[in-house]
Novice: 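Pasting a structure here, questions to come.
Atoms considered below: every heavy atom in the structure, side chains included; atoms not considered: hydrogens, waters and symmetry mates. Just follow the structure's listing: the first ligand is 1, and inside any ligand the first atom is 1.
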Amino acid sequence: MLAKAPRGTRDILPGEVEEWSTLETFFRNLCKNYNYREIRTPIFEHTELFSRSVGEDTDIVGKEMYTFLDKGKRSLTLRPEGTASTVRAFLEHKMYAQAQPTKLFYFGPMFRYDRPQAGRYRQFHQLGAEAFGSASPEIDAEIICLAMDFFQSAGLNQLSLEINSVGCPQCRPGYREEIRKILEKNRRDLCPDCQSRFETNPLRILDCKIEGCREVTLQVPEILDHLCSYCVQHFEDVINFLKLLEISYQVNPKLVRGLDYYTNTAFEIVDTGLGSQNSLGGGGRYDGLVETCGGSATPGVGFAIGLERVLLSLEQQSSQLEYTEESRIFVATLGPSASARGLQLVTELRRNGIAAEKDYQDRSLKAQMKQADRVGAAKVLILGEEELEKGKIVLRDMEKGDQREVELEEILQILKNDL
Ligand code: AMP
């Protein structure tokens, strides 16, 4: 047990980390171009923040939160998503008082007590972006464009963008009642989750993946025919802006998403080749959320992308992220004084911005050359007691296979000129 990570969590090992940080860098660079600024919020928040914003009746709040009492008897929760915390920070730091919109992005671990399977973890990582303060459909299109550009930069261009409108507090209640009226006679055919959704949030029945529920919902009319005129217009405008930006999309009238705060636009990016956990990211508009969290009415729109799923999708496509390995110098030494001088030398190189490594185990020269290969050294410096006495060092080029003796005092300059 001690040597095993908790169920649903995993280590990201050296070799994998490079891919993670490459994706982070792609996202950071894109966000800079789109003028979104990074925010880092705490890993845990007051439980109430999530129960109020994500919604008491959602699976996330009802079943999946890591909630605990701290020693001061406060109820805290490991964040299951990033939007609520960003809204909280937006209010706490009075960002609404600045010129709007406020455009933010984040990256970090999220926690949900989900049933672990391929692409589904209890600790997973999301990168996300949120824009507050503008109800313009242009910003819905911008946020979708940012998400799609990220996938594009990662080399995923076979994804499908599904989009829908989930209406607003004016038109949604009527549609909810309509669903209840139609499904009343089929209540017993619904899965246990949907039977309770029938009471709490019948819209969620529409995107239940269970076959029986899917069949039953075929008779439910599309939400797009039940929107108020504001929502119809907003949806049309978003679609037109997507066309303008040449972003392909598919309207999916059954798309609802698992968080209660969405209004108007809801979207999801799926990789149809991925099996059951095929959603790589999703988001939407949440014009009531800031108010729910205690602020004054402020529109907002955002998305979150699951990094584990992005990597899974890349793996499925047999695509490799390209990143450059740092070239490295290996200092091979023979004998205790050469080893001490070697330690001084690697430190000098490192302090001058050159990645360097040495042996710490008194290995033979042959073993040290193997080690140099393992760390991917392009050049090896060889320092024996004899060279040390002469004030020389051997510089070996691993690719060309040639070597020459140079002045020990000049080695830093020579390497600097070379690199
Ligand atoms: P959500 O916050 O539910 O809208 O999810 C946004 C994205 O986060 C999804 O599309 C997934 O890529 C990812 N995600 C959500 N839950 C998990 C999980 N349990 N494990 C891995 N990724 C997840």
Novice: Output the set of protein residues with a heavy-atom contact under 4.0 Å to ligand 1, ordered first by chain identifier and then by residue number.
Specialist: R112, D114, G119, R120, Y121, F124, Q126, R257, L259, S279, L280, G281, A304, G306, R309
Novice: Provide the full list of side chain to side chain donor-acceptor pair (under 3.5 Å) pairs with a residue in residues 154-176, sequence neighbours left out, each pair given once.
Specialist: E162-N252
Novice: Could you walk me through whether F105 and Y36 pass ring-ring contact (aromatic ring centres under 6.0 Å, His included), step by step?
Specialist: CA-CA 6 Å; F105 77 90; Y36 284 68; 7.9 Å; no
Novice: E138 and S136: side-chain donor and acceptor closer than 3.5 Å?
Specialist: no
Novice: Restricting to salt bridge (charged side-chain N to carboxylate O under 4.0 Å, His left out), what partner residues turn up for D189, sequence neighbours left out?
Specialist: none
Novice: For residues 115-135, which residue pairs pass the salt bridge (charged side-chain N to carboxylate O under 4.0 Å, His left out) check, not counting sequence neighbours?
Specialist: D114-R120
Novice: Please check if the distance between the ring centroids of F27 and F107 is under 6.0 Å.
Specialist: no
